[in-house]
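Proteins come first, then strands; the chains are lettered A, B, ... in the order of their sequence lines, and each starts at number 1. Being a predicted model, the structure only gives us computed values, none of them experimental.
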There are 4 protein chains.
Amino acid sequence: MASDKKNSQKYQLIIDAAVTVIANHGYHAAQVSKIAKEAGVADGTIYLYFKNKEDILVSLFRTKMGGFISAIEERMETCHNAEEKLWQIVQMHVTQFSAQPKLSIVMQLEMRQSARELRLQINEVLKMYVHLMEDVIRSGKEEGIFNQNLDEKLGRQMLFGTLDEMVTNWVMNDRKYDLRNLSTPAFEMLLAAFKSGSLRKDV
Amino acid sequence: MASDKKNSQKYQLIIDAAVTVIANHGYHAAQVSKIAKEAGVADGTIYLYFKNKEDILVSLFRTKMGGFISAIEERMETCHNAEEKLWQIVQMHVTQFSAQPKLSIVMQLEMRQSARELRLQINEVLKMYVHLMEDVIRSGKEEGIFNQNLDEKLGRQMLFGTLDEMVTNWVMNDRKYDLRNLSTPAFEMLLAAFKSGSLRKDV
Amino acid sequence: MASDKKNSQKYQLIIDAAVTVIANHGYHAAQVSKIAKEAGVADGTIYLYFKNKEDILVSLFRTKMGGFISAIEERMETCHNAEEKLWQIVQMHVTQFSAQPKLSIVMQLEMRQSARELRLQINEVLKMYVHLMEDVIRSGKEEGIFNQNLDEKLGRQMLFGTLDEMVTNWVMNDRKYDLRNLSTPAFEMLLAAFKSGSLRKDV
Amino acid sequence: MASDKKNSQKYQLIIDAAVTVIANHGYHAAQVSKIAKEAGVADGTIYLYFKNKEDILVSLFRTKMGGFISAIEERMETCHNAEEKLWQIVQMHVTQFSAQPKLSIVMQLEMRQSARELRLQINEVLKMYVHLMEDVIRSGKEEGIFNQNLDEKLGRQMLFGTLDEMVTNWVMNDRKYDLRNLSTPAFEMLLAAFKSGSLRKDV
DNA sequence: GATGAATGAGTATTCATTCAT
DNA sequence: AATGAATGAATACTCATTCAT
């Protein structure tokens, strides 16, 4: 039944309405009634598809971030080594946010204002992304491309932290510049960082 | 007069009470009356020292983050080159948060839930830190240590993004490990990243 | 839609509850929650029908005073000259307040304690009554019944001031006597006053 | 001791400060601290001269209205008959308010917003004025100038209601015109009203 | 499935008054 | 007498959620 609902037309309709309302009015002004109005349904109808307001937001995050990560995972399969994979992560991360300005606002600025409890659920979704990143770093080490001493968690923190800060800055500056221009230099710096230890070791 | 108040004993008392309450109960459960009780003053007394609730939080951030940044700036003066300065930023950032667990929770998790308006004021304070970081990167380029093509803003985003993500992960994992152990590998990776371009140029 | 709400059962229910609460407890003790309880609805329901507390009071005044004035205007149409009209004003003013003791308390004593802003809106409603009175005085002059030199505004001030003071005194004396007994002598005095100049002119 | 205080310099200083503050900021914005500041004394000092805030306002009313009524009573003594006395009341009432714009605002608009309890004490002060007016009407009847059937209370209500409404309208219209110009026509109308019955009796 | 009117818990802030100095 | 820092009670309004239709 849950799956029935998630495949239903209105389920997506309501999630997209939530994205629009949050992007336009901000997280704190995104009342359930406003989302219902944007979706063209009655307030009560929301509760036929979602347990409560938090469920809308978690579902929003799961759906959108899920698609985001899936797209990257798909690309991974075409890659021959960790360097290419790293490039795909950087490039896809930047490209996908570039292509969805409304979603960028919601993800980078507004949803971060959410309560602790919701943030925990968001983190559950992000774990997939985290694992993906750590897998790439691990395989890079196995391939001998990255420094053998590279801490996988620290590497992932640098990778995610850098990408996240890049996108956040871009959104906070009203998306005035083309974020995609930063993917190549960012990739090169991250690559150098991940290789770094090895360089010195060679000496 | 404003300075009188800020130097007063109770001003700090109330700010410290706010840190404690937010760390213990979370941002959304931090009612003014709870802060007053923790500080051992009457609710109304709060308003002799702060304009409103938002003012408590902004002052908290300004005071604590101001001290944080000042401590780093002070260290800068003892450094002879950009590499040393970068090390000081990484090391001090990590050390200062390590030493103040309650403040870490407040800064990394709770205050990010604040409303847009408050976050704008927080960003004003952070600008000082951003400038400090960009200054270091710029001087590193001038000294020929960092890649001449290194984008100062992108470099700063990587620096801040990495440090911020490191601390956030540490806090979210209940500070189970010693954050300071990460400062050396993080510094080395960042240094390699900032030098990276130059290596290729040498070729 | 606004009209839908104003015609709704609950709109009137709440206004009548406000009259009762204000009459019984006084203006300053008339909390929204008390009005809601008296009306038998939840606090929040009030805000489905009124913008805020002030809106309840303005609506109360507009509704009640509007009906009051309409009743007088209706009677005006049956009158053949200004003297009859003047009589209707005096008699209806006195009769209507006599018939609604609770409303008299609210109008004459309690609502006058309202803040400046609310009083401005009250004055807007009263303007209708003022115009009605001035129209009668003007027509009396045109009919040659009242003194040609009679200042319309001054005449209206005497008419309203006298009636208002009569009702206020009656309410403040706990409505111990029959206010309607004063309508005939009051009318005769006002009539003499309005004619007065003309008498001397004849000489 | 009470008399000591009332004769003290600061007692009057504080009352005059209250008039100024209420006239400038309105009744509801006239906080004790604002009055203290205007008077140039500390908040606590107020309570050495007045029991509480209400006591300031009652004292204000008693002092100012007392002087107002005394001035009229004094004039009464120079009058030879009720007609002259009536003229003095009308003329003095209008003249005294004309001469004190700030006090007019306070008396006619602002103090009427006061709570029921305060209003009762104000009415106590006004009783002196009421008696004065009723005395004049009674003497007018005894002198055969006014209608023998004239109800003293009703007559007084007309007299006070008319004067009060005249002054209130003048204040509400920002004192744009010379109120004193209305004293003669108002007097003539009132005189006619008070004589009225007698005219018909003569017939 | 769909509606939307009704619910009611929860909280920042002001300001008259006090009292230690 | 004078001060002014400290007190703490009191209240309108929002909005997620329900449920009768």
Side-chain angles (χ1 to χ4, degrees), chain A residues 1 4-5 8-10 28-37 39-57, chain B residues 4-5 8-10 14 28-37 39-57, chain C residues 4-5 8-10 14 28-37 39-57, chain D residues 4-5 8-10 14 28-37 39-57:
Chain A
M1 198 167 79
D4 279 4
K5 287 193 176 170
S8 112
Q9 206 177 4
K10 281 198 178 156
H28 284 111
Q31 296 91 342
V32 171
S33 61
K34 216 177 261 173
I35 295 172
K37 199 174 181 182
V41 301
D43 292 15
T45 304
I46 298 269
Y47 291 87
L48 297 174
Y49 295 90
F50 299 90
K51 211 167 79 248
N52 51 35
K53 187 181 180 180
E54 187 180 298
D55 190 28
I56 307 176
L57 301 171
Chain B
D4 278 2
K5 286 191 177 170
S8 106
Q9 206 177 359
K10 284 202 175 147
I14 292 165
H28 284 111
Q31 297 92 338
V32 171
S33 61
K34 216 177 262 174
I35 295 172
K37 200 173 181 181
V41 301
D43 292 16
T45 305
I46 298 271
Y47 292 87
L48 296 176
Y49 295 90
F50 299 91
K51 214 166 76 249
N52 50 35
K53 187 181 179 180
E54 186 181 301
D55 191 28
I56 307 176
L57 301 172
Chain C
D4 278 4
K5 288 194 177 168
S8 106
Q9 207 177 0
K10 286 207 174 140
I14 291 165
H28 284 111
Q31 297 92 338
V32 171
S33 60
K34 215 177 262 175
I35 295 172
K37 199 171 183 182
V41 300
D43 292 16
T45 305
I46 299 270
Y47 293 89
L48 296 176
Y49 296 90
F50 300 90
K51 212 165 78 250
N52 49 35
K53 186 179 179 181
E54 186 181 301
D55 190 28
I56 306 176
L57 302 171
Chain D
D4 278 1
K5 287 192 178 170
S8 111
Q9 206 176 2
K10 281 197 179 157
I14 291 165
H28 284 110
Q31 296 89 341
V32 171
S33 61
K34 215 177 264 175
I35 294 172
K37 198 174 182 183
V41 300
D43 292 16
T45 304
I46 298 269
Y47 292 86
L48 297 174
Y49 295 89
F50 298 90
K51 209 164 81 249
N52 49 35
K53 186 179 181 181
E54 188 180 299
D55 190 28
I56 307 175
L57 302 172

Side chain to side chain donor-acceptor pair (under 3.5 Å) pairs, two or more places apart, involving residues 44-57 of chain A: Asp55(A)-Ser59(A)

Residue pair Asp43(C) / Ser33(C): nearest heavy atoms and the distance that separates them: OD2-CB, 3.5 Å

Nucleotide interval of DNA chain E bounded by contacts with chain D (heavy-atom cut-off, under 4.0 Å): dC15(E) to dT18(E)

Ile14(D) side, atom CD1; Ile46(D) side, atom CD1 - distance, nearest 0.5 Å: 4.0 Å

Of Ile46(B) and Glu54(C), the one whose closest DNA chain F nucleotide lies more 5': Ile46(B)

Length of the CD1-P vector between Ile35(C) and dC13(F), whole Å: 11 Å

Watson-Crick and G-U pairing of DNA chain E written in dot-bracket, each distance under 3.5 angstrom, with | for inter-strand partners: .||||||||||||||||||||

Sugar-phosphate, base or nothing in reach of Phe50(A), heavy atoms under 4.0 Å: nothing

Touch class at under 4.0 angstrom, heavy-atom based, for Lys10(C) against every strand present: sugar-phosphate

Shorter than 3.5 Å, N or O on both sides, protein versus nucleotides 14-16 of chain F: list them out with atom names.
| unit_1 | atom_1 | unit_2 | atom_2 | d |
| --- | --- | --- | --- | --- |
| dC15(F) | OP1 | Gln31(A) | NE2 | 3.1 |
| dC15(F) | OP2 | Gln31(A) | NE2 | 3.3 |
| dA16(F) | OP1 | Lys53(A) | NZ | 3.0 |
| dA16(F) | OP2 | Val32(A) | N | 2.9 |

